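Since we're looking at a predicted model, the values are computed, not measured. One-based numbering, in listed order, for ligands and for the atoms of each.
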Amino acid sequence: MVQTRFNDRKAFQNLNRLSKNLNEDKFHLKHMIQDKKRLENFSLKFDGFFYDFSKQRIDDRVMEELLNLARQAEAKKKFSQMVSGEIVNITENRAALHTAARGFIPDPANLTDMDVLSEINRVNSQIKEFSAKIHNSQIRSDSGKPFTDAVVIGIGGSYLGCEFVYTALKHCIEPKIKLHFLSNVDIDNFGQVIKTINPETCLWIVISKSYTTTETMANLKQVLLFLKNNKLDPSSHLVTVTAKGSPGDDPANKVLDSFHMFDFIGGRYSVTSAVGGLPLSLAFGFDIFTRFLKGCHAMDLHAVNAPEKQNIPLISALISIWNSNFLHYPAQAIIPYCSALSKLAPHVQQLYMESLGKGVTFDGNLIDYKTGIIIFGEPGTNAQHSFFQLAHQGSPFPVEFIGVVTPVYNKDQAGSNGVYNHQELWANMIAQAKALAMGKDDDNKAKYFTGNRPSSTLVINNLTPESIGMLLAFYEARTVYEGFILGINPFDQFGVELGKILASQIRDHIKQKNTDETYTFDSFDPATKFYLDTLFNGSL
Ligand SMILES: O=P(O)(O)OC[C@H]1O[C@H](O)[C@H](O)[C@@H](O)[C@@H]1O
């Protein structure tokens with residue numbers, strides 16, 4: 001069925017018109033945020049999750065047309081189809097059932113060709129049993145010692161989400177098993193990791209859906225050599241998380257255990273499958289992982305059921321579309337005022353940019369409007385002392401501030417200025433959003449701030465497995481909603497393939513040179529030849 005293009009929708013035309021009026025002074029944020037009802041009208045709260053979009057450059061008319069855009073795109077209907085297991089990833093002919101990993105399928109009877117929930121439950125029981133056995137030392141290392149550390153070997157979706165959740169939770173829960181991450185093919189990544197672990201008490205978790213990803217396979221090779229050099233048997237030290245039937249699915253028991261991930265859950269949406277489930281259960285226990293899933297599930301239910309006007313992921317997707325397609329901001333920063341959330345931005349970078357950085361519509365036509373924008377971020381206040389100069393006086397970009405009401409550390413003391421560190425942190429978060437919105441007049445133009453720079457503020461009460469789950473599922477749902485409204489497929493990633501093909505061609509030539517010193521790189525373009533010659537010469 002041919003779909004109406006995003007930019008042919010009536011609401012798109014109306015929004016385009018409304019965006020032109022915004023240059024009038026009365027729409028400057030410094031005036032709009034003075035309205036006593038503004039926060040109430042442009043914020044939403046759900047289950048300890050607060051989303052304030054009152055400092056976005058919107059008014060009631062813009063909001064209404066944005067909601068029309070979502071309605072005209074049938075965003076909520078598409079979201080329901082996704083959670084029901086319909087084929088929404090049409091280019092790969094797959095469902096996108098990451099929500100099922102948190103036990104959410106409205107009508108499982110409709111799923112005919114796969115028993116999604118029983119497969120998910122089977123793997124979760126396996127994870128529960130395995131992690132308990134590691135914790136109570138029923139499973140020990142080759143030399144009979146209890147495991148103390150685990151290294152996750154994986155990249156992209158098989159790494160980033162897990163690192164985000166682990167980093168967040170280790171602030172509030174002492175890990176039983178310490179996790180380390182080996183993602184990059186850079187041999188120095190491997191070199192650093194092996195410095196921090198004791199080979200005799202370390203478990204290696206290879207995570208790869210395809211089990212063909214070059215970086216992961218190259219690192220696995222290093223690990224196998226490392227185990228051999230340390231006279232340790234991989235069948236006692238290595239586990240795999242991979243798709244059923246992949247080369248790493250191990251019926252021959254060459255490794256300690258194998259856990260399945262499924263083609264109905266995409267890599268960047270897979271933290272709540274065995275990809276996050278195994279390492280996080282090893283680190284904190286299966287019960288903590290379950291609490292994390294419950295947080296995701298609560299947000300999933302909200303994303304499916306809340307009406308458009310109260311739907312936080314949907315509204316934030318609309319704001320993002322407004323900022324990119326109508327106000328023409330090229331990027332968005334994610335700034336958590338919380339060190340525990342330091343790995344959120346790298347995770348959302350992949351989730352968002354791999355999902356929405358698309359050049360074709362759902363039905364295969366080239367696109368002439370903006371899809372995904374650039375996402376980047378760092379925790380505050382650190383970010384204030386690095387790139388916020390540009391945020392305030394350079395090319396503007398919307399910022400998403402994230403605050404946590406109560407810190408984990410409960411012995412914070414007031415300094416000589418009578419303020420606690422955590423209060424100082426919040427004072428800065430509040431001030432930055434205000435400064436971006438208000439700006440400041442000054443006769444000295446070097447000290448003049450235009451203001452009118454949009455931001456949102458997201459607040460959670462504290463760092464718990466549940467709240468981290470909600471945060472994760474919020475970003476997933478928002479990404480998916482944005483894709484549905486933009487009329488693109490947020491589940492494929494063909495854009496990563498071309499570079500891989502070229503790398504494989506270059507690799508073939510490197511292999512030749514490794515076996516024949518006289519081999520030349522003359523068949524390449526001059527720059528490629530230069531880099532390869534430099535690599536082999538060992539110096540510039
Ligand atoms: O899990 P794997 O098959 O090893 O894939 C790991 C990652 O690599 C690919 O290049 C994709 O861009 C990612 O979406 C994927 O998550």
Identity and distance of the protein heavy atom lying nearest [atom]:
| atom | value |
| --- | --- |
| atom 3 (O) of ligand 1 | Ser210 OG, 2.6 Å |
| atom 1 (O) of ligand 1 | Ser158 OG, 2.6 Å |
| atom 14 (O) of ligand 1 | Glu354 OE1, 2.6 Å |
| atom 6 (C) of ligand 1 | Ile155 O, 3.3 Å |
| atom 16 (O) of ligand 1 | Gly157 N, 2.8 Å |
| atom 5 (O) of ligand 1 | Thr213 OG1, 3.5 Å |

May I ask you to check if ligand 1 and [X] share an N or O to N or O distance below 3.5 Å?
| X | answer |
| --- | --- |
| Tyr211 | no |
| Gln493 | no |
| Lys209 | yes |
| Gly156 | no |

Item checked: Distance flag, aromatic centroids of Tyr531 and Phe521, threshold under 6.0 Å ->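 No: the rings miss the under 6.0 Å criterion.
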Margin query: Ring centres under 6.0 Å, that's the criterion: do Tyr475 and Tyr352 meet it?
Written below: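 Tyr475 vs Tyr352: aromatic centres not under 6.0 Å.
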Item checked: Check ion pair Arg291-Glu466 (N to O, under 4.0 angstrom) ->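 Counted as a salt bridge, because a side-chain N and a carboxylate O are separated by less than 4.0 Å.
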Check: Between Gln349, Glu354, Met353, which is the residue that forms a side chain to side chain contact (heavy atoms under 4.5 Å, CB included) with Arg268?
Finding: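 Between Arg268 and the candidates, side chain to side chain contact (heavy atoms under 4.5 Å, CB included) is satisfied uniquely by Glu354.
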Check: Taking only residues two or more places apart in sequence or in another chain, which ones pass side chain to side chain donor-acceptor pair (under 3.5 Å) with Glu129?
Finding: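 For Glu129 the side chain to side chain donor-acceptor pair (under 3.5 Å) partners, ignoring immediate neighbours, are Lys133.
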Margin query: Suppose I only count heavy atoms of Gln350 and a 4.0 Å limit; which atoms of ligand 1 are within that range?
Written below: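 Those of ligand 1 that fall under 4.0 Å from Gln350 are 13 (C), 14 (O), 16 (O).
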Next item on the list: Please list all pairs passing the salt bridge (Lys or Arg N to Asp or Glu O under 4.0 Å) test where one or both residues lie in residues 212-235, with sequence neighbours left out.
Entry: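 Matches after skipping sequence neighbours: none remain.
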Next item on the list: Compute whether any side-chain donor of one residue and acceptor of the other, for Ser131 and Ser281, lie under 3.5 angstrom apart.
Entry: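 No - no donor-acceptor pair under 3.5 Å links their side chains.
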Check: Do the ring planes of Trp204 and Phe226 sit parallel (below 30°), tilted (30 to 60°) or perpendicular (above 60°)?
Finding: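 Perpendicular, since the angle between the ring planes exceeds 60°.
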Check: Lys500: heavy atom below 4.0 Å from ligand 1, yes or no?
Finding: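 Lys500 counts as a contact of ligand 1 under the 4.0 Å cut-off.
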